[in-house]
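Just so it is clear, the structure is predicted and the values come from calculations on it, not from any experiment. To find a chain, count down the sequence lines: A is the first, B the second, and so on, and within it residues start at 1.
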There are 2 protein chains.
Amino acid sequence: MTTPGHPRGTASPSAASGAANAYAASCPTRMVLDTIADKWAALILGLLMKGPRRFNQLRREVEGLSQKVLSQTLKGLERDGLVTRTAFPTVPVTVEYALTPLGRTLARVVDGLRIWAETHIADVLEAQSLYDVRVGKGAAVGAKK
Amino acid sequence: MTTPGHPRGTASPSAASGAANAYAASCPTRMVLDTIADKWAALILGLLMKGPRRFNQLRREVEGLSQKVLSQTLKGLERDGLVTRTAFPTVPVTVEYALTPLGRTLARVVDGLRIWAETHIADVLEAQSLYDVRVGKGAAVGAKK
DNA sequence: TTTATAAGTTTCCGATGGAAACCTACATAT
DNA sequence: ATATGTAGGTTTCCATCGGAAACTTATAAA
């Protein structure tokens, strides 16, 4: 969808000009894009689509995700109103993260990234091989002067 | 993206079986996700959907994007087979970047991120305000529990 | 007493991002 | 003959970020 106009309508963004435009440096969408166009956020939201998850459960399901980054990422998502954090006063405290309705609308989109990657990984790997041969050839050493 | 010296010829454990899984640390989809789940890549691909662009044209259209990061991002996209780089031997050399067919399939997905952000920015900003009040209250001063 | 679980935070350090200067090459203006 | 401008980058400096691993608080089980 090549935005013919701009997503006006739903209440003008309180900040700058009135029409959100991610290509403008001052538009607040920029900061949001920074939060959501993120590998870990995409994987986390993808899991939460299937149901609420606890902290360490996410850590185990998303291999390679460190505690620090998981913590930071969840805080960002919570701040943006995309996930809720609910602590239950159980024995060792249990904390559950779940999508908000808003988060659900985003999760569908970002999960598309994961799906695209899983679907087209073979094409990408092949392109990388070709590129590495092409480039590794001419630029390997100190760039002929 | 991808530490230098990182294993790159890694055999794809699932490429043949067709079961790529982005939640597995060793799956090559991980590295691809790192490239495509990126704010700048999303904005660039979004522009290229509308037609080929030249280097400085992209720099002007994506406000706040530095030359270095634009250069790096385009290289990554080119390596992944998502954009082509064509240099024309004109007076000051002209370089044109365009989507490949593969890139076009991805661009549709990542542009969804921009659209989501522009559409829901008001909701997000409101959530942020509420969160900042809620949290800033308990943590501002030395109430360090 | 030691070990384990849950949910984080802290620390250390290398990798990354952004700002700005610099580079090559040609063209037009002064 | 400089000087400035355009095009497409690369390099440098510095601050922040990400990942690995240790540490924290609290409770239960071995």
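- For C:dG8, the OP1/OP2 oxygens have a side-chain nitrogen or oxygen of A:R85 closer than 4.0 Å.
- Crowding of B:E126 atom CD: a count of heavy atoms from other residues, nucleotides or ligands under 6.0 Å not exceeding 12.
- Proximity of residues 47-56 of chain A to DNA chain C (heavy atom under 4.0 angstrom from any strand atom) is restricted to A:R54, A:F55, A:N56.
- If one axis is set at each end of the helix from C:dT1-D:dA30 to C:dT30-D:dA1 from five pairs, those axes are 30° apart, to 10°.
- At a non-hydrogen distance threshold of 4.0 Å, A:W40 from residues 33-40 of chain A come into contact with DNA chain D.
- B:R59 meets the side-chain hydrogen bond (donor to acceptor under 3.5 Å, both in side chains) test with B:N56; sequence neighbours excluded.
- Between B:L65 and B:I44 there is a side-chain heavy-atom pair separated by less than 4.5 Å.
- Take A:E61 and apply the salt bridge (Lys or Arg N to Asp or Glu O under 4.0 Å) test, not counting sequence neighbours, and it matches A:R53.
- Here A:T90 lies out of heavy-atom contact (under 4.0 Å) with every strand.
- At a non-hydrogen distance threshold of 4.0 Å, A:Q67, A:K68, A:V69, A:Q72 from residues 65-73 of chain A come into contact with DNA chain D.
- To the nearest angstrom, C1' of C:dA7 lies 11 Å from CG of A:L74.
- Residues B:L45 and B:V83 are in side-chain contact: their nearest non-hydrogen atoms beyond the backbone lie under 4.5 Å apart.
- Residues satisfying the side-chain hydrogen bond (donor to acceptor under 3.5 Å, both in side chains) test with A:T94, not counting sequence neighbours, are A:T90.
- Among pairs with a residue in residues 48-104 of chain A, none fulfils ring pair (Phe, Tyr, Trp, His ring centres under 6.0 Å), at least two apart in sequence or across chains.
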*Give the intermediate values and the outcome of side-chain contact (heavy atoms from CB on, under 4.5 Å) for residues A:L58 and A:L74.*
CA-CA 10 Å; A:L58 286 170; A:L74 287 171; 4.1 Å; yes

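- OP1 or OP2 of C:dG8 has at least one side-chain nitrogen or oxygen of A:Y97 nearer than 4.0 Å.
- Side-chain N/O atoms of A:K75 include none lying less than 4.0 angstrom from OP1 or OP2 on C:dA7.
- Separating the CZ atom of B:R59 from the C1' atom of C:dG17 is a distance of 15 Å, rounded to the nearest angstrom.
- Scanning for side-chain hydrogen bond (donor to acceptor under 3.5 Å, both in side chains) contacts around B:T105 gives A:W116, with sequence neighbours left out.
- Checked against side-chain hydrogen bond (donor to acceptor under 3.5 Å, both in side chains), B:Q128 has the following partners two or more places apart in sequence or in another chain: A:D80.
- Take A:R79 and apply the salt bridge (Lys or Arg N to Asp or Glu O under 4.0 Å) test, not counting sequence neighbours, and it matches B:D132.
- Rounding to whole angstrom units, CD of residue A:E63 and P of D:dG19 are separated by 14 Å.
- Here B:A22 pairs with A:L43, A:R114, A:E118, B:T29, B:L33 under the side-chain contact (heavy atoms from CB on, under 4.5 Å) rule; sequence neighbours left out.
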